[in-house]
Novice: 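First the structure, then my questions, so here it is.
Keep in mind that this is a model prediction, so the values were computed, not measured. The sequence lines fix the lettering, A, B, ..., with proteins before strands; numbering per chain opens at 1.
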Amino acid sequence: MTAETMPTKLVGQAIKRREDPQLITGQGSFLDDIKLPGMTHACVLRSPYAHAKIKSIDTSKAKAYPGVVAVFTGEDMLDLNPLPCAWQAGRVKNNVNTPRVLAVGEVHFAGDPVALVIAEDRYIARDACDLIEVEYEPLPVVVDAKKATEPGAPQLHENAPNNIVMEWEAGDKAKADAAIAAAEVVVREQIINQRLIPTPMETRGSIARYEPATGEFTLWTTSQAPHVMRLVLTAFVFGIPETKLRVISPNVGGGFGQKIFCYNDMAFTMWAARKIGRPVKFVEDRSENYKYSTHGRDHITDVELAGNRDGTITGLRVTTYANLGAYLSTIAPGIPTTLYGRIITGVYRIPAAYVKVYGVYTNTAMVDAYRGAGRPEASYLIERMVDRFAAEIGMDPAEVRRKNFIPPDAFPYDNGLGLLPYDSGNYEAALNKALEIVGYADFRKQQEEARKQGRYLGIGISSYVEICGVAPSKWIGLPGEGWGAGLWESANVRVHLTGKVVVTTGSLPHGQGVETTFAQIVADELGVPYDDVVIEHSDTAGTPFGYGTYGSRSLAVGGTAVYRSVAKIKEKAKKIAAHMLEANPDDMVYENGRVYVKGSPDRAKTLAEIALQASVAYDLPEGMEPFLDETTYYDPPNCTFPFGTHIAIVEVDPDTGIVDLKRYVAVDDCGNVINPMIVDGQIHGGIAQGVAQALYERAVYDENGQLITGTLMDYAVPAAHMLPPFETDRTVTPSPVNPMGVKGAGEAGTIASAQAVMNAVIDALSPFGVKHMQMPATPENVWKAIRAAQASS
Amino acid sequence: MIPAPFQYYAAKTVNEAIGLLQQHGDDAKLLAGGHSLLPALKLRLAQPAVLIDISRVSELKGITSDGDRLVIGAGATYYEIATNEAVRAGCPVLAECVGQIGDIQVRNRGTIGGSLAHADPAADLPAVALALGATINVMGPNGARSIAADDMFVAMLTTALSSDEVITTVTFPILGKGEGAAYAKLRHPASRYAIVGVAAYVKLDGGTVSACRIGVTGAGSVAVRQPAAESALVGTSGDDAAIAAAANAAGDGVDYLGDIHASAEYRQAMVKVYTRRALTEAVRRARG
């Protein structure tokens, strides 16, 4: 079935999320809700220094503290391997240093774990941490990615001279150099994409139980990828058979990427549970989440964009220093390379582009994927520079975009940066729709009037494309992009004797609504009631292997696996129905949950009747196995490339620098839509996070490597009152990559929004002569930008 | 984010609380709404051995009016003050100020006495107390005494309270005809404390400003008055030019703080901007 002929019954409807009644009435079971008999509680002692040698650790007082069960240090856990890095930058040498479960000999960032206390309760464990005496010899610290590569900078790891993880490049340097040398106009900026802290509502944690009789572990952990955690913990960290570990993700309170990765608490709860013979629970507090769990972004980029005065962009040259923190997190090197460098030209046909990326170690928390993962950085960079170029040549920024868009007839489109071809797109349609909603021409008049009254309005356009539905294993895997495994998804669909449908999937929801959307697809395709379909997930026992939920891939990859399994069920059902009706299987039609001989729709067998026949198995076609049970491992032939245009309108108060975000229009194209309410919800949440990067959020380390924004009193996550109502709309350009024509929507809002807001702020400030300013546009930063521009004009 | 161990007492009367304070000396801290103290305990920035909970002391509750003055129990929460009809009618700036502190959860727990006693340099209430000439009434081992707001805020997190004294009530004037007050604030997006907060009080007699008081919080280590700006406005008509001149005179006498959220230079500039805004609104209200 093709996208065009797909039936639209439940699919396309705003069905309320079936996950929600449990979650919004407090009936969910999150990690910290789980209590096991005999369970102990872990607390981690962390290094206060960003870089130091550990001279000695004395745990005797802590061990003697009443209620303490055990105290361990890194030396006790030398039987565990360091955590793995599963995605190294492809085709280049990576100087890999990954964290040990507890530090041994040296600490590399403030928050590096030094010792572990296991106690009867959390309070005792925390108190006992204060009794551990550690003697440190502080070492010099570097927190800035560019400075870390300079001569004389403090060195973190012996195998990484100048703190460089890897040097990676894409595109054609000679062509880009030539285009820039020959251009009529070149605009240059240093653009900083500041470090962010993902801040899921629920912090991370793990509970491990060990059964000595069988040697089996059960690990409950806040993970977006339980199957992958099972694999890496057994095969890489512990060196035990994969079959000895079951991993369960309970309800997970938001992830935003931070919960994709393998963390030390998964390993130390397992290790300690085996050692002491009791279950061990560890739950981060917010401070620990901020200090230790992964951060996002943190790029310093020098960029040059070349073009002609007629608005044609002719070249792009980019050098990015990507701060990856003190060690490599699980997929860190892949983010600023495959997911950033390869899409640096965005929605534009730029004939000569080159990007160089340095991955860099610094004395800071690890940096890895955070909602959007590389694409927000890429999109911010090109969209900021296109506006910068438009201002330089005095052309309307919407017009410059139109002039350089990849045209609709150019798809599939190869951007020349080593990416798979963009699948489909119609960028101008989305731009036009957004401009129409916002009333662009009228706004420009309003803006002019307002300026005469000393009011500073600004409008910012962001036309984006991103990479979803990752990814064909052959492309992204080890010989290519360096991903350490495959990236397919799986789904098993069973129709039970009663006609009820059970779907097990390697994808799992932590806010995405996968239980709802997958059930919509199955109900429509099989023609069964929505409530007869149950989606099971999140437990490695009972679900087929899956790589997990991230990269906006659950629907395009996991959903397609479901769709294909359903198609196989229908094929088998047709054969059984043909047998029951004594007809030719090739003549059978499956429609609305009934199977009949073409032309005789009155004489039909229902799916329930067929499932019963298949289950009791008294009379099946010769050689056929009983039961309706089909599994698919779906490896997509390409990624998908959602796109759209977001527009922000702001007013800046020049006296204070306060930015008032007055309107926000989002036109997104994520292909065919299964559930528009869920898509809107994803877009809303994503915009909130991107707006927050533009206006509020930044993680700041001081020169000693102390995280100054270490609490929610200092790190400003957005609240509802800080955001305007979002005006969302869509264009629909189905993806040719998968049978449902879907693309993915989980990250689009974040990828599109920061530059829409910043372009608007800078547009508002243009009368003062401001051409660029760094995020976040806090009142003081705006105020200073105005004064700096006035002083230099 | 787990506090160090402490002993906990729930006092039933002010006298019991004073007795416990005398008994435990510097080891003890009073706990009211807990919205400054508990975060400090959780981060182990404060590790008092004894907590004396006064949130259930009934004599600290309640808001009354005698026609000239509002007498607000130290244990009144921001929510209770913000929604109290006598406060909204007689001293709207106070209701507005506490009605925007933190978020709903904070306003349901935080108390006026707790805020004034803690004297956080970025708290909102000290500015309003200074501008309105509030009186802080306290009880100690030697009986009751009153502290003028002008004498209350000594230094960062330090007040004129003795360690064995408890704030019982706070007295605010009821504003009459010709009087107006306003609070203008640059709010920190994360903590929602004041990066700069300016409270202004203006009295007009026959079209001339006869009295003006300005309290500034957030900008420096302690909330302070702005005498130069105040006297610049007194005797004028309170028109835009006079307000601009007064605002321009604001900013002296502040021990400016600078941090990643706002530099000292920016805070100094914002004191002038927010003084102008607070004065403009106060004059508008005074004109009725």
Novice: Please check this pair: side chain of A/Asp285 against backbone of B/Met1, looking for a donor-acceptor N/O pair closer than 3.5 Å.
Specialist: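 Yes, the answer is positive, given that a donor and an acceptor are paired below the 3.5 Å cut-off.
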
Novice: Where on A/Pro718 is there a heavy atom nearer than 4.5 Å to chain B: the side chain, the backbone, both, or neither?
Specialist: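 It is neither, since no heavy atom gets under 4.5 Å.
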
Novice: Which atom names give the shortest non-hydrogen contact between A/Asp655 and B/Val273, and what distance separates them?
Specialist: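 Smallest interatomic distance, heavy atoms only, reads O-CG2, 3.9 Å.
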
Novice: With a 4.5 angstrom heavy-atom cut-off, is it the side chain or the backbone of A/Thr778 that approaches chain B, or both, or neither?
Specialist: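 When you check distances to chain B, no heavy atom of A/Thr778 falls under 4.5 Å.
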
Novice: Contact between A/Met713 and B/His188 at the side-chain level, heavy atoms closer than 4.5 Å - yes or no?
Specialist: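 Not in contact.
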
Novice: Less than 4.5 Å to any heavy atom of chain B: does that hold for the side chain of A/Ile658, its backbone, both, or neither?
Specialist: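 Only the side chain of A/Ile658 comes within 4.5 Å of chain B.
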
Novice: Which answer fits A/Arg787, side chain, backbone, both or neither, if we ask what part of it has an atom under 4.5 Å from a heavy atom of chain B?
Specialist: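 A/Arg787 has no heavy atom closer than 4.5 Å to chain B.
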
Novice: Is there a side-chain contact between B/Met270 and A/Pro779 (heavy atoms, below 4.5 Å)?
Specialist: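 No. Closest side-chain heavy atoms not under 4.5 Å.
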
Novice: Is it the backbone or the side chain of A/Asn781 that comes under 4.5 Å from a heavy atom of chain B, or both, or neither?
Specialist: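 Nothing of A/Asn781, per the 4.5 Å heavy-atom cut-off to chain B.
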
Novice: Is it the backbone or the side chain of B/Leu186 that comes under 4.5 Å from a heavy atom of chain A, or both, or neither?
Specialist: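 Only the side chain of B/Leu186 comes within 4.5 Å of chain A.
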
Novice: Between A/Tyr696 and chain B, with a heavy-atom cut-off of 4.5 Å, which part of the residue counts as in contact: side chain, backbone, both or neither?
Specialist: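 It is the side chain, since no backbone atom gets that close.
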
Novice: Do B/His261 and A/Asp714 come within less than 4.5 Å of each other through their side chains, counting heavy atoms only?
Specialist: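 Touching, per the 4.5 Å side-chain cut-off.
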
